[in-house]
Amino acid sequence: MSDAPKPQNFLAAIVEADLRAGRNGGRVVTRFPPEPNGFLHIGHAKSILLNFGLAKAFGGRTNLRFDDTNPVTEETEYVEAIQQDVRWLGGDWGDRVHYASDYFERMYECAERLVREGKAYVDSQTQEQIREGRGSFERPGVDSPYRGRSVEENLALLRRMRAGELPDGAAVLRAKIDMSHPNVLMRDPLLYRIRHAKHHRTGDRWCIYPMYDFAHPLEDAFEGVTHSICTLEFESNRELYDWVLDSLGPWDPRPHQYEFARLALGYTVLSKRKLLQLVQERRVSGWDDPRMPTIAGMRRRGVTPEALRAFAELIGVAKNNSVVDIGKLEFAIRGDLEGRAPRALAVLAPLPVTIVNWPAGEVEELDVPWWPGEPARGSRKVPFSGELLVEREDFALEPPKGWRRLAPGREVRLAGAYVVRCEEAVRGPGGEVVALRCTYDPASLGEAAGRKVSGTIHWVDARRSAPAEVRIYDRLFAVEQPDAAPSFLDALNPDSLRIEQGARVEPALRDAPPGARYQFLRQGYFFADPVDSRPGAPVWNRTITLKDTWASRAAPQPAVEARKPRERKEPAGATAAPRKTRAGFRADARAADPALRARYASYQARGLSAEEADLLTGDAATADYFDAAVAAKAAPASAARWLLNDLAGLAGDHPLGELPLPGAAFGRFVALVDAGRLTPSAAKTLLADLVAHGGEPEARLGALGLAKVDDRAAIEAAVEKALAAQPREVERYRAGEKKLLGVLLGAVMRQTGGAADAALVRKMLTEKLG
RNA sequence: UGGGGGAUCGUCUAAUGGCAGGACGCCAGACUCUGGAUCUGGCUAUCUAGGUUCGAAUCCUAGUCCCCCAGCCA
């Protein structure tokens, strides 16, 4: 175990339980298995952080594995980009970078073994025939005419496939499972297809390539992966994953697949196909365009790995289909940059200001701390003269209510410098404001001056500032759910990039190196672009704005259109079967079986409700079980209740007839409860034990010490003990938090193993607590 | 019933029969040389209906809604 923080999610719970149970010999091995056919995006970041984080937290290892089983879409360029991204995020795979293509020979051997064992065959149907033969959701498939080929013939054919004697599409290797399997993935899935294509690593060595469902479980098994974590859409594939492993084992460890919900984010798209389209259609400048949700794009925008990790922690891991508010990402980015970006002065859209009472020609070098309020973290010189520039947006001729910036006659603080007062707005020929004439207060410099003004604005010196290109990035999409639009391209935000050509930055920023990060005071966090910046001429990318409670007024949110229903392609000829419910099946069973029908009536005659009678007579086994219980002296009403409410849940999918607890013994159990020998609470414990291990109810009741305690003194002792153990709760209860009675009652019940009479305990508790 | 999964504040996520918690967001206030940050307080939730239980988000029954699967993609 390491001391890395333990993630708190359902997968961590599984790993922890496995470790506790001693499974896999204490090993924890995960893997991150990208296909090298595109750049990684923030959804992958979630998966990377999960896989690497989980293994690290539990003292395990994580492999990086390229799932390169489809030569026509995969490229070496992506392999390199992916490694860079994973490494940047902090994923440490040591020397364990693997390729599915490294296992092609072993996989092929597995394929031959399946053939030899009669579990796979070569199918020579066309693609269309195979699709047709698979059936549909409601209609079973039909066997391929080639399904019955002999082992020898299959082996010879498979070898010819490998040898390149067959053209693309002429044959495939299929598992021989069940063409009428309810899970369509199990209807003789394809294992290998012929592809005469050059592979980015194996070149022309192979012309047959394994399918994902065959390759992936084997890759995991070859590498000793214990927990194979993927996204929800692979849930149906798990059955096949298990089939492949069980057919080709034994394995140690035997990998298991678990699924979690992939990330969906508002105001963005996270499908490789769509991201590729944006790149190919030049809607963005490339995979690393700062507007892209790719890891490379976010990195270039100025986001840090720490911010992404904070984001991942913020959103957690679960199985709910969810769309995460983009605000959470922005929060994580701001929170990270807040502590690492020094504050600098830059004016994006300048408005000239003349300080009319400034001594002509004089320049003052102000010493301004990089971190306001934390002078110990350093400072730089900022020139101040009679000719300045302020942000155009920071002046209003007719200021609205609550305005805390410049306006005729108003005073503001220039950050790090003097308080100025606007004396006059200079108008151009069209009446527009082209410059400001202000006066300054020579006594207002520094904290000690104690001048109170309504606001502070940023500025730069007009002559001694540097021109800079500033790229103002905004969300790539204008609507929260681009996928819901008719075409996601329609949802693109036309203002996702604005280039401020006339921006000016303070002199200290002129030589900022690529990758430098600053907060431009009051405007946001900026990052010196690592690609386009030149020595002495950095290009600034806006990573993220500051939170702006002033501007956030009255920005109407566009209505979110309803997601358009996806079209179903249903092969012709399928009949729309009427939907049947469980209740319908029970009714059918009774219609077909007069004996069940008779029991349905007789149960009601013996006092059961129609619902109970219905549930008990859906099949003969359940009714038989119930009858056996009643024959063993259980009252019908309570037998029904215990069977339906508790036994059904404990039994799970197991038929009642196969339980270690026969119907007659169940009946004796119910009789014990009816006789008041144990409380309902203790009875549940006893029933769970009987279902798990069998045994005679009476004997187990004694062995587990579950006999009802109605001895006042014993209960009183338990109450005293429980109260003494929870003084805080007692105090809070007495202070008025009456809901804590349940907690205290629970504590007493646990004291007695559930054997105490709950009503009696409640009574004593309320008396004692007053 | 084709099969598989999922429904908890506006959003994301906890609570394995015993106090519905946290975070984002939002609102209000304090503070502030950033309308930022920070601090304080507040807001809002168990899909529906029955049942079991002293006690149900959790167990049972019925229903509703959402997602995934019929590529020689992964």
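Letters A, B, ... mirror the listed sequences (proteins, then strands); counts begin at 1.
Residue Lys452(A) is classed as a sugar-phosphate contact, given heavy-atom separations below 4.0 Å to backbone atoms only. In this structure, Glu374(A) reaches neither bases nor backbone, as no heavy-atom distance under 4.0 Å exists between it and the strands shown. Across all strands, Thr685(A) comes closer than 4.0 Å to no nucleic acid atom at all (heavy-atom distances). Base contact: Asn237(A) has a heavy atom under 4.0 Å from a base atom.
Comparing the C1' positions of rC59(B) and rG71(B) gives a spacing of 42 Å, expressed to the nearest Å. When the C1' atom is used for both rU44(B) and rU8(B), the distance is 12 Å, rounded to whole Å. rA45(B) and rC33(B) have their C1' atoms separated by 42 Å, given to the nearest Å. A distance of about 30 Å separates the C1' atoms of rC68(B) and rA56(B), rounded to the whole Å.
For Asp548(A), the side-chain atoms get nearest to rG35(B) when compared with the rest of rC72(B), rG35(B), rG36(B). Looking at the side chain of Ala415(A), the nearest of the listed nucleotides rU34(B), rC33(B), rG2(B) is rC33(B). For Phe234(A), counting side-chain heavy atoms from C-beta on, the closest listed nucleotide (rU34(B), rA74(B), rC72(B)) is rA74(B). Checking rU34(B), rC69(B), rC60(B) against the side-chain heavy atoms of Leu185(A) singles out rC69(B) as nearest. Distance from the side chain of Trp403(A) is smallest to rG35(B) among rC68(B), rU34(B), rG35(B).
Residue Arg343(A) places a side-chain atom within donor-acceptor reach of the base of rU34(B), judged by atom type and a 3.5 Å distance cut-off alone.
Just one of Arg451(A), Arg405(A), Lys452(A) meets the salt bridge (charged side-chain N to carboxylate O under 4.0 Å, His left out) condition when paired with Glu411(A); it is Arg451(A).
Applying the salt bridge (Lys or Arg N to Asp or Glu O under 4.0 Å) rule to pairs touching residues 317-333 of chain A yields Glu235(A)-Lys319(A), Glu259(A)-Lys319(A), Glu330(A)-Arg475(A), sequence neighbours excluded. Sorted by first and then second residue, the salt bridge (Lys or Arg N to Asp or Glu O under 4.0 Å) pairs involving residues 338-348 of chain A (not counting sequence neighbours) are Glu306(A)-Arg340(A), Asp336(A)-Arg340(A), Glu338(A)-Arg343(A).
Rounded to an integer number of Å, the gap from CG of Leu190(A) to P of rA74(B) is 11 Å.
Within the 4.0 Å cut-off from OP1 or OP2 of rG35(B), at least one side-chain nitrogen or oxygen of Arg522(A) is found. At the phosphate of rU34(B), neither OP1 nor OP2 sits under 4.0 Å from any side-chain N or O atom of Arg404(A). The shortest distance between the side-chain N/O atoms of Arg586(A) and the OP1/OP2 oxygens of rU61(B) is not below 4.0 Å. Under 4.0 angstrom from either OP1 or OP2 of rG71(B) there lies no side-chain N or O belonging to Arg195(A).
Evaluation of Phe137(A) against the base of rG2(B) yields a stacking contact (centre distance < 5.5 Å, interplanar angle < 30°).
For the pair Gly327(A) and Arg641(A), nearest-nucleotide mapping onto RNA chain B gives the more 5' position to Gly327(A).
Base orientation of rG71(B): syn, since the glycosidic angle falls within 90° of 0.
With sequence neighbours excluded, the residues forming a side-chain contact (heavy atoms from CB on, under 4.5 Å) with Pro34(A) are Phe32(A), Leu40(A), Leu64(A), Phe66(A), Ile82(A), listed by chain and number. Remark: Glu737(A) pairs with Arg732(A) by the salt bridge (Lys or Arg N to Asp or Glu O under 4.0 Å) rule, at least two apart or across chains.
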Dot-bracket summary - RNA chain B, pairs being Watson-Crick or G-U whose distances fall under 3.5 Å, with | when paired to another strand:
.((((((..((((....[..))))((((((.......))))))...(((((..]....))))))))))).....
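Arg522(A) and Glu391(A) are not joined by a salt bridge, as no carboxylate oxygen comes within less than 4.0 angstrom of a charged side-chain nitrogen. Salt-bridge formation is not detected for the pair Arg174(A)/Asp188(A): no Lys NZ or Arg NE/NH1/NH2 atom is positioned less than 4.0 Å from an Asp or Glu carboxylate oxygen.
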Spell out protein contact along nucleotides 3-20 of chain B as letters: B when the base is contacted, S when just the sugar-phosphate is, - when no protein heavy atom is under 4.0 Å; keep the 5' to 3' order.
BSBSS---BSSS--BBBS
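Side-chain atoms of Tyr212(A) and Asn237(A) form no donor-acceptor pair, as typed in the model, at a separation below 3.5 Å. Under the 3.5 Å distance criterion, with hydrogens and angles disregarded, a donor-acceptor pair is assigned to the side chains of Ser101(A) and Asp68(A). Checked by atom type, the side-chain pair Arg334(A)/Thr545(A) shows a donor-acceptor distance below 3.5 Å.
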